[in-house]
Amino acid sequence: MDPVRLRLDELMYRWLDHDETPMQVALLGTFDGGPLVRPDGAVDVSRVRRELAARAKRVPALGRRVVWTRPGEGRPLWVGDPGFDPLGHVETAALPPGADLPGWAANRAARPLDRDRPLWRAEVVDGLRDGRFAVLIVVSHMLADGLTGVALAGALLDPGPETVVTVAPSPATAALPTHRDLVRRRLQEVGAALGRRGPRRCRQAEGPGPARPGLREVRDAMAGFAGPEPVTSLSRQIGPGRRLGVTRRSMEELRDTGHALDMTVNDLLLAAVTGGLRRLLAARGEVVPGLVLRASVPAATGAAGRQVAAMLIVDLPVGEPDPLRRAALVRSATALGKARLRAAGGDFSDLHLPTPLTRWLLCSARRVGSRRLSVSVTDVPGPARPLWLAGARLLEVVPIAPMAPLVPLTVAALSYVGELAVAANADAGMTDLDVFTDGIAGSFTELVDLARTGVCPRSVPGSLLRRGRTVVEAAVDVGRPAEQVFAYCTDPRNATAWNSSVDKVELLTDGPVGAGTRYRLHTRAGEGVVQYTRFDPPRAWTATSCGHRLDVRFEGEVVPDEGRSHLRFRAELRPRGALRLLAPVVREVLRRRWQRDLAVLRSLVEQSHDATSE
């Protein structure tokens, strides 16, 4: 290959590389041994190694390396490695007995690559059960981002079990350029650049300089970091050790859920990560109302031939207890971020500034931004059809994204044959990482279940975020323990006794009252179906209702106080049509009615339990 200068989007990953946090992406694949299993039941790892090396020869990008330059030689160059031997890049390893494969692989993926060789490495992993083996492929971020990394890994595999690989003779590769070659090339490039310059007035007529889009992207990205990150127990000390937690979900299920809630799969992933952070911090006793943490999300700008060099900064509403509202807030945040990127019209690689200045600007932005991030999230589409290696089928994959200094968590998601694998990468000191991944899985389940009920059409989450909503609040003190107050308030059958606007209640679900319980309310204004979307006895619950003229999200909270309880009600109402004009009147009427109704409720709860005790 002819020498090619590194693009800025490639070079910046070298600037961001650190020994403890190398900028390397990895893919862990587990295979069914198939024809690669010997008669004694062991996997023929030597053959697997040879098969991978043979396939690496047909991928030109894997045979190039970087020539690092000195002052006066210009930017570093990609060149063909004259000593390239793919077999030297494929290693073998045995999984230690009792070791967790994903966690073990995350630690192997964090070993820095040799920068004076082609920037990739593969390991064939033996020691798995049931005649299986694994392959770990590690690639420098300079060579590939998530999308191109998946493409490179796919090029090492076969589209079918009967694929025959024919290895063509390797073409002759030129020797590495000398210092004199590099200086001569740089002088030629400078001369050509000077020759392309026109008169000053012609350059002025061309409009803004080429650095403007990139500078706007940096400026807008830094605006997303305005204000400090809330202080949590998430450690920002990143050492060499790693933990990796993995959860999986059906892509078909997620697409159906996204369609029902008017969300993309990426939005669902961010909402699930928000739920995972909430569960993690709740287990540590740190979730407070209104807590918002920041996530960085790589975003493609559509520029061909570049790595992803633009970022969405997304606010994650960790303090929001209702999963549907969390999802709605995430969807709104990503929509705003995408609009910002479209308005900026560029990415970091559009910074056509002197290289030292560009390096200082990007590294400074990275240091400032990392202190204000809690998690990095990336979602990459993978192959929709099965892949093979010499007749052995690839069963499942796990993406391993690099960690960044000061950022506690990195989450990567990759789809393969109808399944989304979500992998959370963290420092080895984070011993409760499983709480986070369990929270992600639980949040996915909550959203899937909400979408299946059909109680809230996809217009509801967005509508609750727009102007025009009406909020009604009321509170009362009840002289009974929280358990008794909670049980009475959440039993729909009691509504006719204390709620003056309710005429009749019909339960639509069987079993005890809890999350998912649905019932039909008949009121003077009409009827509607209500569903509990959150149910946390004896403290709080959330219910939603969708009607022809009104959408309602209702929250109840019981705060215990030495045998007594403070009961708070809050409702967000979004009227439609002409009813919106009466929103101020509706709010005041409902507030007064609620205060009267809550006085009745207090009397009924206190009297009913007095009668029971007698």
Side-chain angles (χ1 to χ4, degrees), residues 289 321-322 455 469-545 547 550-573 575 582-614:
D322 180 42
V455 65
R469 69 178 179 178
T470 298
V471 178
V472 183
E473 297 180 316
V476 68
D477 290 320
V478 184
R480 286 293 177 266
E483 292 79 7
Q484 297 176 5
V485 176
F486 183 92
Y488 187 90
C489 293
T490 55
D491 189 339
R493 294 165 294 188
N494 295 328
T496 55
W498 66 269
N499 193 328
S500 60
S501 63
V502 177
D503 298 325
K504 182 181 177 182
V505 175
E506 296 179 65
L507 283 172
L508 302 179
T509 53
D510 298 327
V513 176
T517 295
R518 301 173 65 213
Y519 58 93
R520 180 176 285 108
L521 277 182
H522 296 264
T523 69
R524 299 171 187 174
E527 64 178 50
V529 175
V530 181
Q531 175 172 341
Y532 286 127
T533 57
R534 178 197 177 203
F535 202 81
D536 296 332
R539 296 299 300 269
W541 71 97
T542 303
T544 56
S545 174
L550 188 68
D551 294 334
V552 182
R553 179 180 179 274
F554 179 86
E555 298 175 350
E557 183 179 16
V558 184
V559 180
D561 183 16
E562 298 182 354
R564 299 176 58 83
S565 301
H566 182 69
L567 176 63
R568 293 199 292 254
F569 282 171
R570 183 178 188 274
E572 294 181 6
L573 304 93
L582 301 176
V585 178
V586 170
R587 179 173 59 249
E588 185 60 24
V589 170
L590 287 179
R591 188 187 64 80
R592 293 180 180 179
R593 180 184 295 171
W594 274 20
Q595 288 298 151
R596 293 195 301 267
D597 288 347
L598 288 183
V600 174
L601 184 148
R602 175 182 58 192
S603 177
L604 290 173
V605 174
E606 294 177 348
Q607 291 176 7
S608 64
H609 287 283
D610 284 341
T612 302
S613 61
E614 293 175 0

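Treat the numbers as computed from the prediction; the structure is a model and nothing was measured.
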- How far apart are the closest heavy atoms of P481 and S565, and which atoms are they? C-OG, 3.2 Å

- Message: Suppose we screen for side chain to side chain contact (heavy atoms under 4.5 Å, CB included). Which residues come up paired with Q595, at least two apart in sequence or across chains?
- Response: A474

- Query: Is the backbone N or O of L604 less than 3.5 Å from a side-chain atom of Y488, with the two atoms forming a donor-acceptor pair by type?
  - Reply: no

- Item | All side chain to side chain contact (heavy atoms under 4.5 Å, CB included) counterparts of A599, not counting sequence neighbours | R602

- Query: Relative to the ring of F535, is the ring of F486 parallel (under 30°), tilted (30 to 60°) or perpendicular (over 60°)?
  - Reply: perpendicular

- Answer yes when E606 and R480 have at least one side-chain N-carboxylate O distance shorter than 4.0 Å, and no when they do not. no

- Note on the structure: Across all chains, not counting sequence neighbours, the side-chain hydrogen bond (donor to acceptor under 3.5 Å, both in side chains) partners of T509 are none

- Query: Mind checking what makes side-chain hydrogen bond (donor to acceptor under 3.5 Å, both in side chains) contact with D477, not counting sequence neighbours?
  - Reply: H566

- Item | Nearest non-hydrogen partners of V505 and P492, listed with the distance | CG2-O, 3.5 Å

- side chain to side chain contact (heavy atoms under 4.5 Å, CB included) against D536, all qualifying residues, sequence neighbours excluded: R534

- Item | Where at least one partner belongs to residues 488-500, residue pairs that pass salt bridge (charged side-chain N to carboxylate O under 4.0 Å, His left out), sequence neighbours excluded | D491-R493

- Item | Partners passing salt bridge (charged side-chain N to carboxylate O under 4.0 Å, His left out) against R596 (at least two apart in sequence or in another chain) | none

- Query: Can you name the residues that form a salt bridge (charged side-chain N to carboxylate O under 4.0 Å, His left out) with R539, not counting sequence neighbours?
  - Reply: none

- Task: Identify the two heavy atoms, one from G514 and one from Y532, that lie closest to each other, and give their separation to 0.1 Å.
- Result: O-CB, 3.5 Å

- Message: Going by side-chain hydrogen bond (donor to acceptor under 3.5 Å, both in side chains), name the residues that satisfy it together with S603, two or more places apart in sequence or in a different chain.
- Response: Q607

- What closest approach, in Å, do P512 and T517 show between heavy atoms, and which atom pair accounts for it? O-OG1, 3.7 Å

- Using salt bridge (charged side-chain N to carboxylate O under 4.0 Å, His left out) as the criterion, list what pairs up with D322, not counting sequence neighbours. R553

- Item | Worked check of side chain to side chain contact (heavy atoms under 4.5 Å, CB included) between V513 and Y519 | CA-CA 10 Å; V513 176; Y519 58 93; over 6 Å; no

- Item | Heavy-atom check, side chain of L567 versus side chain of L601, under 4.5 Å | yes

- Below 4.5 Å, heavy atoms only, C-beta onward: do V530 and T544 meet side chain to side chain? no

- Output the distance between atom CZ (R568) and atom CD (E557), rounded to the nearest 0.5 Å. 4.0 Å

- Are any of the side-chain heavy atoms of W541 and V558 separated by less than 4.5 Å? yes

- At their closest point, which heavy atom of A497 faces which heavy atom of V600, and how far apart are they? O-CG1, 4.0 Å

- Got a second to check how far F569's CZ is from L598's CG, nearest 0.5 Å? 5.5 Å

- Item | Under the salt bridge (charged side-chain N to carboxylate O under 4.0 Å, His left out) test, residues paired with E483 that sit two or more places apart | none

- Message: Applying side chain to side chain contact (heavy atoms under 4.5 Å, CB included), can you list everything that pairs with R520, at least two apart in sequence or on another chain?
- Response: E506, L508, H522, E527, V529

